[in-house]
Q: 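The structure under discussion is supplied below as structure tokens; questions concerning it will follow.
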There are 2 protein chains.
Amino acid sequence: MSLDQLRYFVAVAEEENVTRAARRLHVSQPPLSRRIRELEGELGAPLFTRTPRGVDLLPAGRALLEHARSILREVDRSVDVVRATAERDG
Amino acid sequence: MSLDQLRYFVAVAEEENVTRAARRLHVSQPPLSRRIRELEGELGAPLFTRTPRGVDLLPAGRALLEHARSILREVDRSVDVVRATAERDG
DNA sequence: CGGGCCAATACCTTCTCGGTATGGCGGCGG
DNA sequence: CCGCCGCCATACCGAGAAGGTATTGGCCCG
């Protein structure tokens, strides 16, 4: 599992549509579909159901969404903190 | 920034020595050195000072170490939670 | 039943990542 | 003071991951 995978997952979960998420992420749809399926493979559990309109989050997906957002927030915060610390302490 | 970079960083910070960290991570030393320097480049700040014995954490590095451990812990927890949720809810 | 929208697959290309070999530097013992 | 040892850094190469284009197959709706 990678941070990119989590970012991709969050976008798909929020858009409920792989194609729209791909546009938002500035990648094309097929690699995004693949990465999501790989993530499901790694976790050993499906995260979405596929519908005619796009995708719907499963319970496991909803659980991951919370964690993923939290992780990505902390990554961003870390960068800020490290830069501020470097600035302050030389 | 990637999760692997954070794992690498934590190992180097804990060992205070790139060569030992490389052994612990089962990778060779040169790629590990490179990945650490790339991380420093991305953050725009050095994380270690290089010493004759190995490396020493700078304040920015100490700040990152806390965050990195926390992030990696949450990643592990996420996997557990997702699997448990998938198990429970089908 | 035809057109549109969706995710999935096939195939190719590119670039990241790790490995091997080697260099350069500093400390330490003889 | 010189040679050895351990350290990190650099150069170069090969393998694998990740992205792009083209296309398919399924489903709904006119």
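Throughout, protein chains are lettered first and strands after them, A, B, ... in sequence-line order, and every chain is numbered starting at 1. Remember, predicted model here, so these are calculated numbers, not experimental data.
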Q: Can you check whether Arg35(B) has a side-chain N or O nearer than 4.0 Å to OP1 or OP2 of dG18(C)?
A: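 For Arg35(B), the contact criterion (side-chain N or O under 4.0 Å from OP1 or OP2 of dG18(C)) is met.
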
Q: CG of Leu25(B) versus P of dC17(C): gap in Å, rounded?
A: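 Atom CG in Leu25(B) sits about 15 Å away from atom P in dC17(C).
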
Q: For nucleotides 19-30 of chain C, just jot down a letter per nucleotide in 5' to 3' order: B, S or -, based on protein non-hydrogen atoms under 4.0 Å.
A: BBB----SS---

Q: Whole angstrom is fine here: how far is it from CG in Leu32(A) over to P in dA7(C)?
A: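 Atom-to-atom, Leu32(A) to dA7(C), this comes out as 9 Å.
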
Q: Could you walk me through whether Gln29(B) and Ser33(B) pass the side chain to side chain donor-acceptor pair (under 3.5 Å) test, one step at a time?
A: CA-CA 6 Å; Gln29(B) 171 264 317; Ser33(B) 281; 3.0 Å; yes

Q: Any idea which of dC8(D), dT9(C), dA9(D) is nearest the Thr19(B) side chain?
A: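 Within the option list, the nearest is dC8(D).
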
Q: From the options dC6(C), dA7(C), dA18(D), select the nucleotide whose nearest atom is closest to the side chain of Ser33(A).
A: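 Of the candidates, dA7(C) comes closest.
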
Q: Indicate the atoms forming the closest heavy-atom contact of His67(A) with Arg77(B), along with that distance.
A: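 His67(A) and Arg77(B) have their closest heavy atoms at CE1-NH2, 3.5 Å.
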
Q: Quick one: Asn17(A) CG to dA8(C) C1', roughly how many Å, whole number?
A: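 Atom-to-atom, Asn17(A) to dA8(C), this comes out as 14 Å.
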
Q: What's the CZ-C1' distance between Arg37(B) and dT10(D), to the nearest Å?
A: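 Whole-Å distance recorded here is 10 Å.
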
Q: Is there a path of hydrophobic side-chain contacts, each under 4.5 Å between heavy atoms, that joins Phe48(A) and Leu58(A)?
A: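 The answer is no; the residues belong to distinct hydrophobic clusters.
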
Q: In whole angstroms, how far is the P atom of dC8(D) from the CG atom of Leu47(B)?
A: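 After rounding, the gap between these two atoms is 15 Å.
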
Q: For Gln5(A) and dA18(D), give me the distance from atom CD to atom C1', rounded to whole Å.
A: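 It works out to 11 Å between those atoms.
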
Q: In a check of salt bridge (charged side-chain N to carboxylate O under 4.0 Å, His left out) between Glu14(A) and each of Arg7(A), Arg20(A), Arg62(A), Arg69(A), which one passes?
A: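 Only one option passes, and that is Arg69(A).
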
Q: Can you name the nearest heavy-atom pair linking Ile36(B) to Arg50(B), along with the distance?
A: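 Nearest pair, atom of Ile36(B) first, then Arg50(B): CG2-NH2, 4.1 Å.
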
Q: Which sits closer to the 5' end of DNA chain D, Asp4(A) or Thr51(B), going by the nucleotide each is nearest to?
A: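 The residue closer to the strand's 5' end, by nearest nucleotide, is Thr51(B).
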
Q: Can you tell me the distance, in whole Å, between the CZ atom of Arg7(B) and the P atom of dG18(C)?
A: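 Going from CZ in Arg7(B) over to P in dG18(C) covers 12 Å.
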
Q: Base, sugar-phosphate, or nothing: which does Tyr8(B) touch, judged by heavy atoms less than 4.0 Å apart?
A: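 It contacts sugar-phosphate atoms only.
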
Q: Using atom CD of Glu38(B) as one end and atom P of dA9(D) as the other, report the distance to the nearest whole Å.
A: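 Rounding to the nearest Å, CD of Glu38(B) and P of dA9(D) are 12 Å apart.
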
Q: Minimum heavy-atom separation for Leu32(B) and Val18(B), please, with both atom names.
A: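 Between these two residues, the closest heavy atoms are CD2-O, 3.5 Å.
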
Q: For Glu38(A), I'd like to know if atom CD has over 12 heavy atoms of other residues, nucleotides or ligands within 6.0 Å.
A: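 Buried by this count: over 12 neighbours within 6.0 Å.
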
